Trainee: 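Take this structure, written in structure tokens, and hold onto it; I'll ask about it next.
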Amino acid sequence: MNCKQTQRLLMPYINGELDEKEEEEFVKHVRRCPECREELEVYSTVFAGIRQLDGSQEHVDYRTLVEDYLQTSEEDVRDDHFLQRYLLLLRTGVTALLIYMIVRCFF
């Protein structure tokens with residue numbers, strides 16, 4: 001992902017609208033690109049401030065706002081990868097069990 005693509009995805013990222021792959025690529029780029037990270041910090045701070053002005057009761061630590069966003073995204077991506085592997089293993093196990101039961105019943 002390049003800077004232009006990342007900048008187009010700033011608002012969808014902040015609003016939680018990216019799919020898993022987009023979010024993963026976005027976070028990877030922002031982690032290694034200081035310009036895009038700075039842009040994300042500006043957007044995040046502005047929109048967190050707007051939410052507070054609108055009466056949101058949540059406390060916002062502006063010093064760690066972006067790092068918290070990125071950390072949460074990375075954890076979500078790791079959890080999704082784990083879940084996908086677990087489901088694949090589960091499907092494989094169920095398939096093996098069904099094959100065993102079919103063989104056992106008919107042969």
Side-chain angles (χ1 to χ4, degrees):
M1 181 171 289
N2 61 37
C3 292
K4 189 173 184 175
Q5 292 168 318
T6 300
Q7 289 173 2
R8 275 198 317 262
L9 294 176
L10 282 168
M11 284 309 303
Y13 174 75
I14 290 170
N15 291 327
E17 298 169 350
L18 299 182
D19 66 33
E20 179 185 328
K21 178 108 173 100
E22 287 174 322
E23 184 175 8
E24 184 176 10
E25 292 300 317
F26 180 90
V27 170
K28 282 181 184 177
H29 180 84
V30 170
R31 285 278 189 208
R32 55 177 203 269
C33 179
E35 292 84 14
C36 288
R37 183 180 178 104
E38 183 178 341
E39 192 82 13
L40 177 60
E41 288 172 357
V42 169
Y43 275 72
S44 298
T45 302
V46 167
F47 284 95
I50 290 171
R51 281 194 299 271
Q52 281 192 323
L53 289 174
D54 285 342
S56 172
Q57 298 298 321
E58 85 181 60
H59 170 72
V60 177
D61 183 357
Y62 290 97
R63 293 171 295 153
T64 62
L65 181 66
V66 171
E67 188 57 38
D68 292 345
Y69 273 139
L70 295 174
Q71 185 68 32
T72 300
S73 291
E74 289 170 335
E75 290 169 2
D76 289 347
V77 167
R78 273 195 305 272
D79 290 348
D80 288 342
H81 285 279
F82 174 78
L83 181 60
Q84 289 174 358
R85 288 185 191 116
Y86 176 76
L87 289 175
L88 177 63
L89 181 62
L90 184 61
R91 285 185 199 122
T92 303
V94 168
T95 302
L97 180 61
L98 287 173
I99 291 172
Y100 172 78
M101 289 173 67
I102 290 170
V103 167
R104 192 82 179 158
C105 287
F106 293 106
F107 297 103

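All of these numbers come straight from a predicted model, not from anything done at the bench.
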Trainee: Should I99 and I102 be regarded as members of a common hydrophobic cluster, given that ILVMFWY residues are connected when their side-chain heavy atoms come within less than 4.5 Å of each other, either directly or indirectly?
Mentor: yes

Trainee: Any side-chain heavy-atom pair from S73 and Y13 closer than 4.5 angstrom?
Mentor: yes

Trainee: Does any part of the side chain of L87, heavy atoms only, come nearer than 4.5 Å to the side chain of L83, both counted from C-beta?
Mentor: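 Touching, per the 4.5 Å side-chain cut-off.
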
Trainee: Just verifying a value: how many Å separate L90 CG and T95 OG1, rounded to the nearest 0.5 Å?
Mentor: 9.0 Å

Trainee: Are R37 and R31 close enough that some pair of their side-chain heavy atoms sits under 4.5 Å apart?
Mentor: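 When only atoms from C-beta onward are counted, R31 and R37 do touch, with a gap below 4.5 Å.
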
Trainee: Taking only residues two or more places apart in sequence or in another chain, which ones pass ring pair (Phe, Tyr, Trp, His ring centres under 6.0 Å) with Y69?
Mentor: none

Trainee: Can you name the residues that form a side-chain contact (heavy atoms from CB on, under 4.5 Å) with R8, not counting sequence neighbours?
Mentor: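 For R8, the residues satisfying side-chain contact (heavy atoms from CB on, under 4.5 Å) (neighbours in sequence not counted) are K4, Q5.
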
Trainee: What's the separation between atom CE in M11 and atom CG in L18, rounded to the nearest 0.5 Å?
Mentor: 11.0 Å

Trainee: When rounded to the nearest 0.5 angstrom, what is the spacing between CG in L40 and SG in C33?
Mentor: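 Rounded to the nearest 0.5 Å, the CG-SG separation comes out at 11.0 Å.
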
Trainee: Measure the shortest side-chain to side-chain distance between E20 and H81 over non-hydrogen atoms and say whether it is less than 4.5 angstrom.
Mentor: yes

Trainee: Is it possible for you to say whether M101 and F106 belong to one hydrophobic cluster, with membership spreading through side-chain heavy-atom contacts below 4.5 Å?
Mentor: no

Trainee: Do L10 and V30 sit in the same hydrophobic cluster, where Ile, Leu, Val, Met, Phe, Trp and Tyr count as joined when their side-chain heavy atoms come under 4.5 Å apart?
Mentor: yes

Trainee: If you draw a 6.0 Å radius around CD in E38, do more than 12 non-hydrogen atoms from other residues or ligands fall strictly inside?
Mentor: no

Trainee: Do M1 and L9 touch side chain to side chain, with heavy atoms closer than 4.5 Å?
Mentor: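 Yes, close enough: below the 4.5 Å cut-off.
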
Trainee: When you compare the side chain of E74 with that of R78, does any pair of heavy atoms fall below 4.5 Å?
Mentor: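 Yes, side chains in contact.
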
Trainee: If I take atom CG from residue L89 and atom CD from residue Q84, how far apart are they, to the nearest 0.5 angstrom?
Mentor: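 If I round to the nearest 0.5 Å, the distance is 13.5 Å.
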
Trainee: What residue among E22, H29, K21 forms side chain to side chain contact (heavy atoms under 4.5 Å, CB included) with E25?
Mentor: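 Of E22, H29, K21, side chain to side chain contact (heavy atoms under 4.5 Å, CB included) with E25 is met by K21 alone.
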
